[in-house]
Undergrad: 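The structure is given below, and queries will be raised subsequently.
Values below: all heavy atoms of this structure, side chains included; hydrogens, waters and symmetry mates excluded.
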Amino acid sequence: MERRTIGAGALAVGAVGLGCMPMSWAYSTSRQRGDESLRAVHRALDLGSTLLDTADMYGPFTNELLLGRVLKERRSDAFVSTKVGLLVGEQHIVANGRPGYVRRACDASLRRLQTDVIDLYQLHRADPEVPVEETWGAMAELVRAGKVRALGFCAVGARGGRRSGNRLYDATIRQLRRIQQEFPVSAVEAELSVWSPEALDTLLPWCETRGIGFLAAMPLGNGFLTGTLTPGQGFERDDMRARHPRFTAEMMAANQPIVVGLRRIAARHGDHVTPAQVALAWTLAQGRHVIPVPGTKHERWVIENAAAARLRLSPQDLAEVAGLPGAQGSWE
């Protein structure tokens, strides 16, 4: 697989990563199978999808434990990204950016992952009660201690601010400017997909001009862009799409033209090319520093996603994607 680099340290990873969250969190827990997830991770590494993206809150903790079973055998094959800064309660999630907590959380993640170093340690959310520089400074200490190789910052939840367009990531960029003064930011993780392209306005260009890697979260639109979901199919109560405004039966039906457009482009590239692969190829085409991180727990989809790294969209294809209708049922 094509290799791409993250940050000034030129950390090399496969062009398409693997989001591990669905294996333990947020998507239909009744369908989660540990053995199946392990096969998916092993196959990803076999195919060159070396970036494994997890977090201590996924499960919580069980996602890191699962990956630890793979890393115990194949640490040299993997680039491990995990996150810190969120605590999961019974009915809520809270941020914790206190330096002491960050240090303890890192040690706990290292134990669960069965490794002595984390390749990319990301701040999942900034704690509004703690200056972000203090949290970042504690994370920088972990790099100096040899427990972490590089630091990243997540902006995945920016959409929750109910802003759009150029203003969506204003607060994120202000925080990035502040922490960049303390220690280099190697990567930023944020949502980027055909139906959520907002990061293209300001956040992605900001990263590109500074040599910062961009991890594209949810590049398949939480599964919608694969064309495998049916309007009105319903989701389990613990599936985050059950509360997502784009996944009501009405909005899924209204957004079908996006999938139809992706399917039309896929057909031009061959009978075996899928809408999901077109969506991933579009994400890859947004810049050499962009690494899509599609999440899955199935080996079948790992194989399909990895193959998207070989798909090259033409200028006509990209123009056609740009002309697709915007997604309805947004957070605004």
Side-chain angles (χ1 to χ4, degrees), residues 6 13 17-27 29 32 34 37-38 40-41 44 51-72 75 78-130 132 134-143 145-157 160 179 183 185-191 215 217-218 238 240 293 295-297:
I6 292 178
V13 299
L18 173 62
C20 299
M21 181 178 73
M23 301 173 186
S24 312
W25 182 259
Y27 290 92
T29 55
Q32 291 167 359
S37 294
L38 289 172
V41 178
L51 193 156
L52 307 179
D53 189 53
T54 184
D56 57 1
M57 73 164 287
Y58 299 159
F61 312 130
T62 53
N63 204 246
E64 288 185 332
L65 288 168
L66 185 147
L67 287 187
R69 294 168 62 184
V70 177
L71 297 175
K72 185 178 181 180
R75 181 63 183 92
F79 182 96
V80 182
S81 168
T82 192
K83 308 177 188 73
V84 66
L86 288 179
L87 293 172
V88 181
E90 284 293 327
Q91 299 292 331
H92 63 282
I93 297 172
V94 296
N96 188 339
R98 293 188 293 274
Y101 170 75
V102 168
R103 289 188 286 268
R104 293 192 301 274
C106 179
D107 288 340
S109 287
L110 288 168
R111 289 193 297 271
R112 288 188 290 267
L113 291 165
Q114 300 196 53
T115 184
D116 58 0
V117 64
I118 294 166
D119 295 307
L120 180 67
Y121 203 37
Q122 299 199 73
L123 180 56
H124 215 158
R125 297 290 186 277
D127 186 339
E129 303 298 324
V130 179
V132 69
E134 290 186 17
T135 305
W136 199 253
M139 295 172 69
E141 290 176 9
L142 298 171
V143 179
K147 297 180 179 182
V148 171
R149 294 178 66 196
L151 301 183
F153 189 90
C154 290
V156 176
I179 61 177
F183 193 87
V185 179
S186 290
V188 170
E189 183 165 351
E191 183 172 7
L215 307 189
M218 295 171 275
D238 61 349
M240 66 180 185
V293 190
T296 186
K297 53 184 174 286

Undergrad: Can you name the nearest heavy-atom pair linking Thr135 to Gly97, along with the distance?
TA: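 Of all heavy-atom pairs spanning Thr135 and Gly97, the closest is OG1-O, 2.6 Å.
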Undergrad: Flag the pair Val102 / Glu141 as yes when at least one side-chain heavy-atom distance between them is below 4.5 Å, and no otherwise.
TA: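 Result no, sub-4.5 Å side-chain heavy-atom pair not found.
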Undergrad: Under the side-chain contact (heavy atoms from CB on, under 4.5 Å) rule, what do Met139 and Ile179 come out as? Steps first, then yes or no, please.
TA: CA-CA 11 Å; Met139 295 172 69; Ile179 61 177; over 6 Å; no
Undergrad: Looking at every heavy atom in both Leu151 and Leu120, which two are closest together, and how far apart are they?
TA: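 Closest heavy-atom pair between Leu151 and Leu120: C-CD1, 3.6 Å.
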Undergrad: Nearest 0.5 Å please: distance from the NE2 atom of His124 over to the OG1 atom of Thr82.
TA: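 Going from NE2 on His124 over to OG1 on Thr82, the span is 9.0 Å.
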Undergrad: Within this structure, what is the SG-CG distance for the pair Cys154 and Leu123, rounded to the nearest 0.5 Å?
TA: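 Those atoms lie 7.5 Å apart.
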Undergrad: Is any side-chain heavy atom of Val117 closer than 4.5 Å to a side-chain heavy atom of Arg149?
TA: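 Yes. Closest side-chain heavy atoms under 4.5 Å.
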Undergrad: Please check if the number of heavy atoms outside Arg98 that lie under 6.0 Å from its CZ is greater than 12.
TA: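 Counting other residues, nucleotides and ligands, CZ of Arg98 stays at 12 neighbours or fewer.
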Undergrad: Does the Asp119 side chain pair with the main chain of Val80, one donor and one acceptor, at a distance under 3.5 Å?
TA: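 Flag set: sc Asp119 to bb Val80 pair under 3.5 Å.
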Undergrad: Which pair of non-hydrogen atoms, one from Gly295 and one from Pro22, has the smallest distance, and what is that distance?
TA: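 Closest heavy-atom pair between Gly295 and Pro22: C-CG, 3.7 Å.
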Undergrad: Are Arg125 and Ile93 side-chain neighbours, meaning at least one heavy-atom pair lies under 4.5 Å?
TA: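 No, every pair of side-chain atoms sits at 4.5 Å or beyond.
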Undergrad: Which pair of heavy atoms, one from Trp136 and one from Phe183, lies closest together, and at what distance?
TA: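 Closest approach of Trp136 to Phe183: NE1-O, 3.0 Å.
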Undergrad: Say you draw a straight line from CZ of Arg75 to CG of Leu67; how long is it, rounded to the nearest 0.5 Å?
TA: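 If we round to the nearest 0.5 Å, Arg75:CZ and Leu67:CG are 10.5 Å apart.
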Undergrad: Any side-chain heavy atom of Val41 sitting closer than 4.5 Å to one from Arg69?
TA: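 In short, these two side chains do not touch, never coming nearer than 4.5 Å.
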Undergrad: Indicate whether any N or O donor in one side chain lies under 3.5 Å from an N or O acceptor in the other, for Asn63 and Thr54.
TA: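 Yes.
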Undergrad: Rounded to the nearest 0.5 Å, how far apart are CG of Leu87 and CG of Asn96?
TA: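 Between atom CG of Leu87 and atom CG of Asn96 there are 5.0 Å.
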Undergrad: Calculate, to the nearest 0.5 Å, the distance between atoms CE and CE belonging to Met57 and Met21 respectively.
TA: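 So the CE of Met57 and the CE of Met21 are separated by 8.5 Å.
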Undergrad: Among Leu110, Val84, Leu142, exactly one meets side-chain contact (heavy atoms from CB on, under 4.5 Å) together with Ile118. Which residue is that?
TA: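 So, applying the side-chain contact (heavy atoms from CB on, under 4.5 Å) to Ile118 and each of Leu110, Val84, Leu142, only Leu110 qualifies.
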Undergrad: Short question: side chain of Arg111, backbone of Gln114 - any donor-acceptor pair under 3.5 Å?
TA: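 Side chain of Arg111 to backbone of Gln114, a donor-acceptor pair under 3.5 Å: no, none is there.
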Undergrad: Is the closest side-chain heavy-atom distance between Leu18 and Met23 below 4.5 Å?
TA: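 Yes, side chains in contact.
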Undergrad: So, the side chain of Tyr121 versus the backbone of Cys106: is there a donor-acceptor pair under 3.5 Å, distance only?
TA: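 Pair found, side chain donor or acceptor close to backbone of Cys106.
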Undergrad: If you look at every heavy atom in Leu51 and Ser81, which pair is closest and at what distance?
TA: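 Closest heavy-atom pair between Leu51 and Ser81: CD2-CB, 4.4 Å.
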Undergrad: Roughly how far, to the nearest 0.5 Å, is CG of Leu66 from CG of Leu38?
TA: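 Those atoms lie 4.5 Å apart.
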